[in-house]
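Since the structure comes first, as structure tokens, the remarks are kept for the end.
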Amino acid sequence: MNFNFNPNKYDYPSQRRVVYAKNGMVCTGQPLAAQAGLAILQAGGNAIDAAITTAITLTVVEPTGNGLGSEAFCIAWVDGKLYGMNASGYAPELLTREAVTTAGYEKEVPKRGWIPVMVPGAPAGWAKLHKRFGKLPFAKLFEPAIRYAQDGFPLSPTMARLWEKGYEIFKQIAGAKEFEPFFETFAPNGKVPKAGEIVRFPDHAKTLRLIADTYAEAYYHGEIADAIDKFSRATGGYLRKSDLENYEAQWVEPISTNYRGYDVWELPPNGHGVVALMALNILQGFDFSEKETAETYHKQIEAMKLAFIDGMTYVADPRYMKTKLQDMLSQEYAAARRNLIEDMAIEPQPGDPFSGGTVYLCTADNEGNMVSFIQSNFMGFGSGIVIPGYGIALNNRGQCFKMDPAHDNCLAPHKKPYHTIIPGFLTKDGKCVGPFGVMGGYMQPQGHVQVMMNTIDFAMNPQQALDAPRWQWVGGKKVEIEASVAPEIIDYLKAHGHEVILVKDSINFGRGQIIFRDDAGVLVGATEPRTDGVVACY
């Protein structure tokens, strides 16, 4: 693909410029992690090695969004073919709906504590990716993360803000035995680190060594699994060593839709990448000439509402889904949903398709391989459960389960919950264009749609596509919009029934990265102005 950017048409305020390189590139939201991945490329590693190294390093330098108890998803272009990996976890055998209702939670799964903890999948995902596609020794990929965890690293500004916000939330539940290791790890002596302050995680470093030396076997079958089991039993948890022993990351087939000649790729459920594809299917029936118009915003928001309400109704562990993906992605269904969009904002209702705290990174090497990778503990710092002596902060992804027994996404043992983290990928005419992603909970498919439209409809380069003002549907007729959006657009949306919430803090609108490659092999990369990221390349 030759780039068809229009560099003069859009000039959004940013201190960043699009970056070009030839040999290799790593984009993520934390400079130390990006540079760790780049060093692996320069040491002879490929894009898969670089992605794994960057992901591992992010567990240290971005602990608010991910950790050693995270889950992960990946789309990789290797030797001219696209591969998908689902390393999300399932509910422990003891975590039944009845157990949760007995604990006092009848309507929804709680956000913190042991109940929402799913079996962590990220370490298994790193090992699975490396065994199939890695080039350098597995243990070498851990060296930067171990060094930062043991010797320390200066905390970046965005992480300092998120750390403080997370601590304020957890202070409200301080005192329970299961949360004591959290405060010992992330707020020793009742204080959280400030930007620029050196942070060390020696327990985390020990665990990284165990994972590195055993190809993650210690995590799922050995010493680490024993430690998780022991702390769970001692503090009322549901997770057992047998749950870890039975876990395996999965290869999956990516799903796609063709949007104006480009194939946009996501992973299938239990993730909600299908929501982005459904929204693009709806939007494809409209013509868009300009991004910053009231009509563009209105139609984008309405399409996303319709796609999202369907996703939240039908997406679940695929073994439990009654609705077929081909029905959700059919053009006939998209046309039916498109016909619901009028001049006024609607209160979205699910249709009938039967007719059926996160980090993101992307990498590219000089062999043509490219990786889109995302991992998460979900809400800031996850469950608040940290395994003492090992520094493993466990996820709280089970909070995405429903408690309604009639819902496809109802909680059940060894079932995977609805998942918000989604890597994206773009191809054209069977050729690789590149990876993209926008992390941030339920913002993610909304970010994917906006960034893809910025790229395809409005000919923005990757940095412009990320810099552009964003919106986020948050339920009903409510939509959050960045304060940089033109006042006349805001006034139009309000006049047409949207309940607009202006938000000055751009951190709420996701943090994304992009790498594209042209036909000559030139890489072009970008990282969010809403985070601390860099494009590391050579």
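Because the structure is a prediction, the values reported are computed rather than measured. Residue numbers run from 1 in the order of the sequence given.
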Taking Asp49 for the side chain and Asn46 for the main chain, is one N or O donor matched with an acceptor at less than 3.5 Å? yes
Might you work through the salt bridge (charged side-chain N to carboxylate O under 4.0 Å, His left out) test for Glu482 and Arg530, ending with a clear yes or no? CA-CA 12 Å; Glu482 285 190 295; Arg530 300 170 182 84; 2.9 Å; yes
Salt bridge Lys171-Glu168, side-chain N to carboxylate O under 4.0 Å: yes
Could you pull out the closest heavy-atom pair between Gly497 and Lys477, with the gap in Å? O-CD, 3.5 Å
Any donor-acceptor N/O pair, Gln446 side chain to Trp471 backbone, under 3.5 Å: no
Once you measure the plane-to-plane angle for His496 and Tyr492, does it fall in the parallel (<30°), tilted (30-60°) or perpendicular (>60°) bin? parallel
Residues passing the salt bridge (Lys or Arg N to Asp or Glu O under 4.0 Å) test with Asp408, sequence neighbours excluded, are Lys322
In this structure, which one of Phe133, Trp77, Phe425 forms a ring pair (Phe, Tyr, Trp, His ring centres under 6.0 Å) with Tyr83? Phe133
Rounding to 0.5 Å, atoms CE (Met278) and CG (Leu283) come to a distance of 12.0 Å
Look at the rings of Phe186 and Phe381 and say which category their plane angle falls in: under 30° parallel, 30 to 60° tilted, over 60° perpendicular. tilted
Would the Phe73 and His419 ring centres measure less than 6.0 Å apart? yes
Which class fits the ring pair Trp473 and Phe308: parallel under 30°, tilted 30 to 60°, perpendicular over 60°? tilted
For the residue pair Met85 and Leu267, what are the closest heavy atoms and their distance? O-CD1, 3.5 Å
Single hit among Leu277, Leu280, Ile282, Val264 for side chain to side chain contact (heavy atoms under 4.5 Å, CB included) with Val449: Leu280
Paired with Asp263, the side chain to side chain contact (heavy atoms under 4.5 Å, CB included) test is passed by just one of Thr427, Leu82, Thr257, namely Thr427
Consider side chain to side chain contact (heavy atoms under 4.5 Å, CB included). Of Pro116, Cys400, Pro417, which one does Val109 pass it with? Pro116
In this structure, are over 12 heavy atoms from other groups packed under 6.0 Å from Glu253 atom CD? no
Report, as yes or no, whether the 6.0 Å neighbourhood of atom CZ on Arg161 holds more than 12 heavy atoms from other residues, nucleotides or ligands. no
